Amino acid sequence: MSVRVRFAPSPTGYLHVGAARTALFNYLFANHFGGTFILRSDDTDTERSTVEFQTDILEQMRWLNLDWDEGIEVGGPHGTYRQSERYDHYRDVALQLIEEGHAYYSLVTADQLNVFKQRARNTGSSPAYDGSLEPEPSQISRSMLDGGQATIRFRIPRPGATMFTDLVRGEMVFDHAQVDDFVIMRSDFTPTYHLASTVDDVDYGITHVIRGEDLLSSTPKHILLTKAMHAEPATYAHLSLLMGPDGKKLSKRHGDTALSAYREAGFLPEAMNNYLALLGWSPGDDETLVSMSEMIERFDGTAISRNPAVFDQEKLLWMNGVYIREMSDTEFVELARPLLEADLGRSLTGDEVSSLAVLSPLVKERTKLLSEIVDQARFVFVAPTTYDESSWSKVMESPEAPIALDGAATALKALDDWTTEAIDAALRGVLEVNDLSARKGLQPIRVAISGSTVSPPLFESIQILGKDETLARIATARALVT
RNA sequence: GGCCCCGUCGUCUAGCGGCCUAGGACGCUGCCCUCUCAAGGCAGUAGCGCCGGUUCAAAUCCGGUCGGGGCUACCA
């Protein structure tokens, strides 16, 4: 039987990094076994679900290149893959479960349940609702059921226990005394997550359910439901949760959790995938940098870690830098150009695009975030209007500054061969004549042309800038030096 | 409170009874390279939560303990 897995987020929030990792693991697992990766929308929470969130989820999935073979928007043999459009079907299943004695109309109130749970807490017994508060069937009237009061609950067989082998955690046993007679249909006759999700897993032929550990204790419910539907339960794999730097479950207060925020900050999807994969999975052989195809080849679901992982932005940042450095200059220009144009508020001319291409390998080397490119490269396209304050006071107020600037102006003006090598030689000549160290003599020039003591390599920068522009900037800065 | 999961450097992890004086990566520190910043090279820093047991031998197996996390909704 071929592998069929699904990622089934509920559109009640943006796609966050933890969910993205779950999606990734499902994707890798499916592709490793040549199976099918399905994207479904578990949107039974009509109160909190929004199209905005749904759109974000699809957008981020596509950005990460986690292509799904079946599901939302791409279609498949099971309709729209949105639970909100299958309510009739879930009702039929629920009614069938009642008919077969696996479920019942429940009239217990929230208040009664609270008392029940509180008493259980006080006596130290199980707080799982066992159906003991329901009225005698003979006392249930038609009007009670039609009055919108009744929910439908699944009847947990008691005594009993559910056992299953979790792919990452091994043998699991849950005593039914600890499992609630849970609601499968709300009083407004809409299905809950447990029902809809399980019905879909059965209908769609899901073979492996790979999801977060927060659903581990709900698994007995899903297995019992599946069996009540006369189906074979899937194999389950529960992934540990992602934590914030303080060891608490990753949430907004730890900073960005929305994947879109990482995209906007300038992270590459390749880096994101690589980093996320390492959170809870080991490719073996002490390797850290793993391409998507290598991950697919190695990910068979066996090397998944059981312990929770802290989402470490520092390492992600490092990895992003690695991926940026590894990309071709052409790719880099393609990514950098729109960023620069947005910053400048205009299109780049053909000559400017050429300059960017020459500059690319230099900027690429010192970029960890795509968003940093603009600050590094802007000076090539527009002369500094202000100078970085600390840069200026550090080098332009030194006694060497005017000497260096004047020397450079003279030497460069006389230079006809505008190559990096010639510029290098000319400027070093200036250093020698004036007995200046490279540090003392070159930094003023750097500040003059780039506005800062930090910039791409000087000689290359000057070469790209051109003679006229370079001399103009040196003159402008020189006029401000006393 | 009940049930469940987890516990190796600060962080992600390798480790499946002797190969471990515990390996790799990020970070951090120092040195080298160097026109700045990066990148790169080299070196260093730091860990098996604790207690007991099994064994000739335990990070690895068992029990307990402590700590962290999850679930305990007509949310998913």
Side-chain angles (χ1 to χ4, degrees), chain A residues 8-13 42-45 47-49 106 110 113 117-118 120-129 150-153 166 168-169 172-175 177-180 182-188 190-194 196-197 212-220 238 240-241 243 245 247-249 275 278-289 303 305-319 321-322 325 362-368 376 391 395 424 427-428 431 437-443 445-447 450 452-459 461:
Chain A
S10 91
T12 53
D42 281 15
D43 55 353
T44 48
D45 184 348
E47 291 285 305
R48 298 190 299 146
S49 294
S106 169
L113 232 33
K117 305 236 169 195
Q118 194 50 53
R121 192 176 286 254
N122 293 150
T123 61
S125 62
S126 168
Y129 178 55
T151 60
I152 297 177
R153 286 181 186 273
D166 190 280
V168 346
R169 279 154 220 287
M172 302 294 316
V173 182
F174 286 87
D175 191 314
Q178 301 297 333
V179 184
D180 271 296
F182 59 103
V183 173
I184 58 176
M185 288 293 275
R186 303 186 185 101
S187 52
D188 65 358
T190 59
T192 61
Y193 161 77
H194 297 300
S197 179
E213 195 201 296
D214 49 341
L215 264 352
L216 182 57
S217 33
S218 296
T219 305
H238 288 93
S240 58
L241 271 15
M243 306 295 196
K248 303 288 184 192
K249 188 181 176 190
Y275 179 70
L278 261 33
L279 252 30
W281 175 68
S282 172
D285 299 331
D286 282 342
E287 287 187 48
T288 305
L289 272 1
S305 163
R306 282 177 297 276
N307 15 339
V310 173
F311 188 84
D312 178 12
Q313 298 218 210
E314 282 301 313
K315 191 163 183 175
L316 207 212
L317 195 58
W318 162 78
M319 195 172 278
V322 172
R325 267 174 263 132
L362 307 176
V363 173
K364 205 171 69 177
E365 188 76 5
R366 39 216 103 208
T367 301
K368 285 190 171 174
Q376 293 187 63
S391 293
V395 312
D424 186 331
L427 257 19
R428 287 196 192 279
L431 296 180
S437 66
R439 192 179 202 96
K440 287 283 186 188
L442 261 22
Q443 282 298 72
I445 304 170
R446 186 188 307 281
V447 172
S450 76
S452 166
T453 50
V454 177
S455 84
L458 186 60
F459 308 136
S461 296

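The sequence lines fix the lettering, A, B, ..., with proteins before strands; numbering per chain opens at 1. Since the structure is predicted, the reported quantities are computational estimates derived from the model, not experimental observations.
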Asker: Using atom C1' of each nucleotide, how far apart are B:C33 and B:A43 to the nearest Å?
Answerer: 15 Å

Asker: For atom C1', what is the distance between B:G30 and B:G70, given to the nearest Å?
Answerer: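 It comes out at 43 Å once rounded to the nearest Å.
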
Asker: Nearest heavy atom decides the nucleotide; on that basis, is A:Ser305 or A:Glu314 closer to the 5' end of RNA chain B?
Answerer: A:Ser305

Asker: Applying ring pair (Phe, Tyr, Trp, His ring centres under 6.0 Å), can you list everything that pairs with A:Phe174, at least two apart in sequence or on another chain?
Answerer: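 Result, ring pair (Phe, Tyr, Trp, His ring centres under 6.0 Å) vs A:Phe174: none returned.
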
Asker: What's the gap between B:A58 and B:C66 when it is taken at their P atoms, as a whole Å value?
Answerer: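 Here B:A58 and B:C66 have their P atoms 26 Å from each other.
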
Asker: With a 4.5 Å cut-off on side-chain heavy atoms, are A:Thr288 and A:Met319 touching?
Answerer: yes

Asker: Is the shortest heavy-atom distance from the side chain of A:Arg366 to the side chain of A:Pro457 under 4.5 Å?
Answerer: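 Of all side-chain heavy-atom pairs linking A:Pro457 with A:Arg366, at least one is under 4.5 Å.
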
Asker: Does a sphere of radius 6.0 Å around NZ in A:Lys440 hold more than 12 heavy atoms from other residues, nucleotides or ligands, not counting ones at 6.0 Å or beyond?
Answerer: no

Asker: Between B:C12 atom P and A:Leu316 atom CG, what is the distance in whole Å?
Answerer: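 Taking CG of A:Leu316 and P of B:C12, I get 14 Å after rounding.
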
Asker: Short question: side chain of A:Asp285, backbone of A:Glu287 - any donor-acceptor pair under 3.5 Å?
Answerer: no

Asker: Should A:Ser240 and A:Asn307 count as side-chain neighbours, where that means a heavy-atom distance under 4.5 Å?
Answerer: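 No - every pair of side-chain heavy atoms lies 4.5 Å or more apart.
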
Asker: Given the P atoms of B:G24 and B:G44, what is the spacing between them in whole Å?
Answerer: 10 Å

Asker: Among A:His238, A:Arg169, A:Glu213, which one satisfies side-chain contact (heavy atoms from CB on, under 4.5 Å) with A:Arg306?
Answerer: A:Arg169

Asker: Going by the rule side chain to side chain donor-acceptor pair (under 3.5 Å), which residues pair with A:Glu365 if we only count those two or more places apart in sequence or in a different chain?
Answerer: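 A:Glu365 satisfies side chain to side chain donor-acceptor pair (under 3.5 Å) with no other residue.
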
Asker: Who are the side chain to side chain donor-acceptor pair (under 3.5 Å) partners of A:Asp188, not counting sequence neighbours?
Answerer: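 A:Asp188: side chain to side chain donor-acceptor pair (under 3.5 Å) contacts with A:Thr190.
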
Asker: In this structure, how many angstroms lie between the P atom of B:C26 and the NZ atom of A:Lys315, rounded?
Answerer: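 Those two atoms, NZ and P, are 7 Å apart.
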
Asker: Taking it one step at a time, do A:Leu216 and A:Asp166 satisfy side-chain contact (heavy atoms from CB on, under 4.5 Å)?
Answerer: CA-CA 9 Å; A:Leu216 182 57; A:Asp166 190 280; 4.0 Å; yes

Asker: For B:C71 and B:G63, measure between their P atoms and round to the nearest Å.
Answerer: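 Straight-line distance between the two P atoms is 26 Å.
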
Asker: Can you tabulate the close N/O pairs, meaning under 3.5 Å, that link protein atoms to atoms of nucleotides 58-61 of chain B?
Answerer:
none

Asker: Looking at B:G1, which nucleotide sits across from it as a Watson-Crick or G-U wobble partner, both distances under 3.5 angstrom, or is there none?
Answerer: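 Its partner is B:U72.
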
Asker: Considering only NZ, NE, NH1 and NH2 on the basic side and carboxylate oxygens on the acidic side, decide whether A:Asp45 and A:Arg48 come within less than 4.0 Å.
Answerer: yes

Asker: For A:Ser10, which residues count as a side chain to side chain donor-acceptor pair (under 3.5 Å) partner, sequence neighbours excluded?
Answerer: A:Thr12

Asker: Both distances under 3.5 Å, Watson-Crick or G-U wobble: report the partner of B:A25, or none.
Answerer: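 Partner of B:A25: B:U11.
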
Asker: Considering every strand shown, what is the Watson-Crick or G-U wobble mate of B:C48 when both distances are under 3.5 Å?
Answerer: none

Asker: Report the residues that fulfil ring pair (Phe, Tyr, Trp, His ring centres under 6.0 Å) with A:Tyr193, sequence neighbours left out, ordered by chain and then residue number.
Answerer: A:His222

Asker: So A:Met319, base contact, sugar-phosphate only, or nothing? Heavy-atom distance under 4.0 Å.
Answerer: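 If one applies the 4.0 Å heavy-atom cut-off, A:Met319 turns out to touch nothing in the nucleic acid.
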
Asker: Which letters describe nucleotides 30-41 of chain B, given B = protein heavy atom under 4.0 Å from base, S = only from sugar-phosphate, - = neither?
Answerer: -----BBBBSS-

Asker: Is there a Watson-Crick or G-U wobble partner for B:G18 with both distances under 3.5 Å, and if so, which one is it?
Answerer: B:C56

Asker: Between A:Gln443 and A:Arg446, do the side chains contain an N or O donor and an N or O acceptor separated by less than 3.5 Å?
Answerer: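 Their side chains do contain a donor-acceptor pair, which is all the 3.5 Å distance test asks for.
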
Asker: Determine the Euclidean distance between corresponding C1' atoms of B:G18 and B:U60; express it in Å to zero decimal places.
Answerer: 11 Å

Asker: Applying ring pair (Phe, Tyr, Trp, His ring centres under 6.0 Å), name anything that partners A:Phe311, two or more places apart in sequence or on another chain.
Answerer: A:Tyr262, A:Tyr275

Asker: Could you identify which residues of residues 280-287 of chain A place a heavy atom less than 4.0 Å from some atom of RNA chain B, listed by residue number, or say none?
Answerer: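 By residue number: A:Gly280, A:Ser282, A:Asp286.
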
Asker: Once you apply the 3.5 Å cut-off to both distances, tell me the Watson-Crick or G-U wobble partner of B:G40, or none.
Answerer: B:C32

Asker: For nucleotides 42-50 of chain B, tabulate all protein N/O to nucleotide N/O atom pairs closer than 3.5 Å, reporting atom names and distance.
Answerer:
none

Asker: On a whole-Å scale, what distance lies between the P atoms belonging to B:G23 and B:C5?
Answerer: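 Each nucleotide's P atom is 32 Å from the other's.
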
Asker: Do the side chains of A:Lys364 and A:Thr367 get nearer than 4.5 Å, heavy atoms only?
Answerer: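 No; the side chains remain at least 4.5 Å from each other.
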
Asker: Suppose we screen for salt bridge (charged side-chain N to carboxylate O under 4.0 Å, His left out). Which residues come up paired with A:Asp424, at least two apart in sequence or across chains?
Answerer: A:Arg428

Asker: How far does the P atom of B:U29 sit from the matching atom of B:A46, given to the nearest Å?
Answerer: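 It comes out at 15 Å once rounded to the nearest Å.
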
Asker: Could you write nucleotides 69-76 of chain B as a row of B, S and -, 5' to 3', where a protein heavy atom under 4.0 Å of any base atom gives B, of only sugar-phosphate atoms gives S, and otherwise -?
Answerer: BSSSSBBB

Asker: Using whole Å, report how far CG of A:Asn307 lies from C1' of B:G10.
Answerer: 16 Å

